[in-house]
Every structure is written in structure tokens, then in C-alpha cells.
Amino acid sequence: MSVITRFAPSPTGYLHIGGARTALFNWLYARHHGGSFQLRIEDTDRLRSTKEAIDAIFDGLHWLELDPDGEPVYQTSRVDRHVAVADELLANGLAYHCYCSAEELAEMRALAKREGKPVRYDGRWRDRDRSDAPEGVKPTVRFKAPLDGATLLHDLVQGDVKVENAQLDDMVLLRADGTPTYMLSVVVDDHDMEITHVIRGDDHLTNAFRQTQLYRAMSWPLPQFGHLPLIHGPDGSKLSKRHGAIGVAAYREMGFLPEALRNYLLRLGWSHGDDEIISTARAIEWFDLDAVGRSSARIDMQKLGNLNGHYLRETESVRLVGLIAPKIEAVLDQKLRPEHEKLLLRAMPGLKERAKDLNELAESAVFYVRSRPIPLNQKAEKLLNAEARARLAEIAESLSELDPWTEEALEAAIQELAEAWGAKLGKLAQPLRAALTGSNVSPGIYEVLAVLGKSEALDRLRDAAP
RNA sequence: GACCCCAUCGUCUAGAGGUUAGGACUCCACUCUUUCAAGGUGGUAACACGGGUUCGAAUCCCGUUGGGGUCGCCA
């Protein structure tokens, strides 16, 4: 039987980083086994589900290049089927109507809590006759869960886990308004979609026991379960909004490459010996659930940044220019001209070596395409003292004869000048950098000179001359 | 509180009875060098604690402590 996995987020907010990892693991597992990866939108909470959140999930997955196979399934489109299953359970005596009001249940919980007893539904309508039903109360449908024994789970990540059935109460299958609850919907949908492997967050582990009982009640084959440990914030606490970078879109805005985020997320909880840099092709080849750890992990932005820098350096220049062009245009408040894009393309090798993310890359590239005169930052200003400016004039003069205008030729020419003046190279290089880039930090100065081209470079030097 | 899960450098992790406990990020030196990065070399840094089992435990068992998850007519 072929493997079918699914990612089943509820569209009540952005696609967060933990969800992204769940999606990645499901995707990898399916790819590794030559199976299929499905997306199901769990939108049965009509009040909290939003179109924006659904779009955010699609966008996030698409950006991460984890697009699902086939069309996504919307859980709300399947309520009739969910209700039919509940009715079947009811007909077979495996479910029953419960006439408890919300207040009554709240009271039940409060009492249990006060007495220090386990907080759960006491099954008071389980065997009660329907004729006892109070007037005008719409009942919920509850699952008649087994009272004795235990439910065993062979979890692909967590191993064998056992829970006494006495710990599990009779869950609500259909709300008083007749709509199905999550617990019913997941089981029906996972079954109907023929999901073979349910890979999801650890927070669903206890749900797996209740769901197992439902599968049994319906005599459906059980899927395999794999519960992934949760991701925590840098301080070890639960990932929450105060950690800031929790939505996938935020990582995109911070200038991370999807492949870097994927590699980082992959290593968070999964390992393959000492391997750190793992291409997606390799990940597909190597990924399996037995190498997933059982303990939760913390987000480490430093490591993500380092990984991103690595992938940035490996990325073809054309793609990088395409990614940073909008950012540069925003800074300059104007569209880039084709010749500027060509220039940036030539500049990329030196720039990408130095950037940790796309925002840094864009920032460091701006000077190349600014129009003269190039604004100087404070340090550059300081470097361009009277002596330096005088020298720049001479350099410009001397360089105007240079042909060809190549990195090698420029290096030779400038070193020659330094020697002739008996000056240290730094004495020339820093003022050159300041005049050419407006900054004290940049790629190699010969490279900058060459990339800029003879006429623009000389013009910038003349701008700085006294 | 009840139930369940987890526990190796600050962080992510390798390790599946016998290792100088390895790698990566971070940090610190040194190196390269026209700046800044990247790169190279080296360094600091861990088996939570207590009992067992064993000739021998990071590895197996029990307990303690700590962390996490779940206990909705949310998903």
C-alpha cells in the first residue's frame, strides 16, 4: 500500500513555524516513500476560521515549496458525511444523546477540580432513557467509549504508549446544533482520504487514543501515528506571539531562503549522524520517522542565520538579484533599469559572500545603483580627509589611462601607485572605498572598481576629489 | 490536580554497555587580509540528581527533580 500523509491545519491564524515543520515532515515522509502528501483545511470552527488564514497557509506552503499533491480538502464540505457516521454510531448503540447544558458541564468540571478529581464528563446520559430528556434541550451526540481496559498506541515517534480507558471520557461527536466536532471529523476524513500515516504535533497524542477508539468502533483500519515533539521559543517556553518570529511569513520578510528554513527545521528534532547541511534531495533520500527525536527543541535564530548565509552563498546570482530587486527599489523609490540589474548581477559574487539574509544583501547592494553623488556615511566622511581627497584625484587621473579595466589590472595599478608613494595599501584602499561606496565596509575594492565600470568609477572618484 | 511524554556543552544534536563523550551554531584566540564577512586552525563548554543491574554504564531498571503536552459542544 502506498503512503499517504496529510497536513491538516486549522485556519485560525498564520501558518506558524511548528506547523511548517509538521508540513515538512509529512511532505518528506511521503516523498521518501514515493507516496502522496495531502492538505486538509480543518475549518469546522466556523467562527474562528478565516479566508486570510487559509491564504496564509497556501502562501506559506507554496513559499516553502511544500505544495500538496492534489486539491486541498475543506473539512466543512464534508459535514454531511461526518453526521452520517455519527448517525451510524448512534444506530449501532456506540453513541448516545447527552442533554447536559453547558452550565451543567461547567459545574461538573468545577466540582471535580475542587475535589481534586480528574476533570471529565461523568457519562450521566450514557445509559439514561431518552424519555428523561428535559424539554426543549437540544442534545449533543457523545461517543460511548469503552469503560474498561486500556488503549495502546504504537507511535512511530513516541514508541508504545498506553492509556487506561478509564482516563478517557465520552467525547462529543455532534454539537447541539448538529455540527460535527474535530474529533469526529479527523477520523472520518483521515479514513476516507485513506491516510496511512498521521504525522502531527505532540499536542495531539492524547487525541490519538480517543481517535483509536473511534476507528475501532467503526471497524476501520488504523493509520500509523507519529507524534512530533513541539518546538519551543528561545527561552524554552511555549511558542507564542511574544516570540515574534512565529509565522512563516515573518521568516520570509526577514530575508530567509525557503531552502535554508527547510534545512533548519529538518534538523530541529531530526538528525542523520553529524550531517548539518542537507539538500532537499538528500533529505528525501534520508528522511524517516525513526530518526525523529522525542524531546522538544528550541528555536535558535543564530543557527538559522548561519544556515541561511550558507545557502545565500550557494544561490545563483540571477535568483538573488530577482529577490532583492524589490527591496532595492523600495529604498531608492524607483524602478531598477536593465543596466542596473546587469550591474547587480556582476556585483553578486562579492556581495553574497558577506550577507546573512536577503535584507542585508539588498542593503549592501544599494550603493552600486545609487546615482551620484554617492551619500557618505559618517565613517566614510572621516576617511575622506583633505589628504585622502587629494590622493583620490591623482588616482583618478592615473587610472583614466588604464586599459583594460579589469580587477587584475586595477590591483596592479593601485599597488604600483602605493609603492610609488611609499604608502601602505590601506591608506589608499579605505579612501577609495569611501568615495566609491559611501561606506567603510564593502566587497573588495578592486572588485567594486571593476563592477562599477570605468566611467562610473572615475566619476565617483572625481566627485570626492577636492 | 489526574494522565501522558521528555531530559548529553548556552542552543540543535551524534551516541543504541567498554569512546580522550563527536559534530554544528554561539563565544574567544590565531590565521588570511585594503574594510567587513566568508574561509582555515585551535580553544572554552555537556551526560540533571539518587539508587540499583553489571567486571564495566551517557547508554538498561526504579525513584527524585526539572521541563513539556492533554484534560472544551477549539482544532
Side-chain angles (χ1 to χ4, degrees), chain A residues 8-12 42-45 47-49 75 98 100-102 105-106 109 112-113 115-121 138-142 153 155 158-159 161-164 166-169 171-177 179 181-183 185-186 201-207 209 227 229-230 232 234 236-238 264 267-277 293-307 309-310 313 350-356 360 364 379 383 411 414-415 418 424-434 437 439-446:
Chain A
S10 67
T12 54
E42 311 236 308
D43 53 354
T44 49
D45 186 343
L47 287 175
R48 295 194 299 154
S49 297
Q75 203 153 51
C98 167
C100 284
S101 64
L105 291 170
R109 274 179 221 117
K113 205 157 199 176
E115 293 180 348
K117 285 194 197 148
V119 182
R120 56 182 86 102
Y121 176 67
K138 288 233 171 104
T140 58
V141 171
R142 282 186 186 269
L153 184 70
D155 194 277
Q158 305 292 337
V161 188
K162 189 178 78 171
V163 164
E164 296 297 323
Q167 297 293 332
L168 275 13
D169 62 2
M171 60 193 166
V172 171
L173 261 22
L174 251 34
R175 302 184 184 100
D177 65 1
T179 58
T181 60
Y182 161 80
M183 213 58 85
S185 305
V186 234
D202 211 4
D203 49 339
H204 285 284
L205 186 65
T206 37
N207 290 336
F209 292 94
H227 288 93
L230 268 19
H232 291 150
S237 70
K238 191 176 172 173
Y264 177 72
R267 284 287 291 103
L268 215 52
W270 178 87
S271 60
H272 184 271
D274 283 340
D275 295 302
E276 296 286 348
I277 306 288
R294 275 188 281 270
S295 55
S296 51
R298 303 181 187 198
I299 290 271
D300 180 358
M301 295 302 282
Q302 300 264 31
K303 190 156 184 174
L304 209 207
N306 176 276
L307 220 35
H310 170 87
R313 272 170 258 135
L351 293 173
K352 66 185 175 189
E353 203 68 32
R354 296 168 166 76
K356 193 168 86 274
E360 273 185 23
S364 71
K379 296 227 171 108
L383 281 167
E411 178 167 2
I414 287 169
Q415 271 173 355
K424 278 201 149 190
L425 207 47
K427 274 283 189 192
L428 300 197
Q430 280 307 79
L432 268 172
R433 189 184 316 281
T437 73
S439 166
N440 55 315
V441 176
S442 84
I445 204 64
Y446 311 119

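Side chains are part of it too, since the values below use all heavy atoms of this structure and drop only hydrogens, waters and symmetry mates. Every chain is numbered from 1 and lettered A, B, ... according to where its sequence line falls, protein lines coming before strand lines. Everything numeric here is computed off the predicted structure, so don't read it as measured data.
Backbone-only engagement by A:Lys162 is indicated by non-hydrogen atom pairs under 4.0 Å involving sugar-phosphate atoms exclusively.
Between A:Glu360 and A:Lys352, none of the side-chain N atoms (NZ, or NE/NH1/NH2) sits under 4.0 Å from a carboxylate O, so this pair counts as no salt bridge.
Each of B:rA75, B:rC25, B:rA24 was ranked by its minimum atom distance to the side chain of A:Gln75; first place goes to B:rA75. Considering only side-chain atoms of A:Leu205, the nucleotide from B:rA75, B:rU13, B:rC4 that sits closest is B:rC4. For A:Glu353, the side-chain atoms get nearest to B:rA38 when compared with the rest of B:rU34, B:rC73, B:rA38.
Residue-to-nucleotide contacts include a donor-acceptor pair under 3.5 Å from the side chain of A:Asp274 to the base of B:rG22. Between the side chain of A:Asn207 and the base of B:rA75 there is at least one donor-acceptor pair of N/O atoms closer than 3.5 Å. Evaluation of atom-type donor-acceptor distances gives a pair under 3.5 Å for the side chain of A:Arg354 against the base of B:rC36.
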Step-by-step side-chain contact (heavy atoms from CB on, under 4.5 Å) determination, A:Thr206 to A:Val163: CA-CA 9 Å; A:Thr206 37; A:Val163 164; 5.7 Å; no
Evaluation steps, side-chain contact (heavy atoms from CB on, under 4.5 Å), between A:Asn207 and A:Met183: CA-CA 8 Å; A:Asn207 290 336; A:Met183 213 58 85; 3.2 Å; yes
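No side-chain donor-acceptor contact under 3.5 Å links A:His227 and A:Asp202.
Checking B:rC3 for Watson-Crick or G-U wobble geometry (two distances, each under 3.5 Å) identifies B:rG69 as its partner. Shown here, B:rC49 forms a base pair with B:rG63; the pair counts as Watson-Crick or G-U wobble because both key distances fall under 3.5 Å.
Not one side-chain nitrogen or oxygen of A:Arg48 sits closer than 4.0 Å to the OP1 or OP2 atom of B:rA75. Under 4.0 angstrom from either OP1 or OP2 of B:rA24 there lies no side-chain N or O belonging to A:Asn306.
In this pair, A:His272 does not lay its aromatic ring on the base of B:rA14; centres under 5.5 Å and planes under 30 degrees do not both hold.
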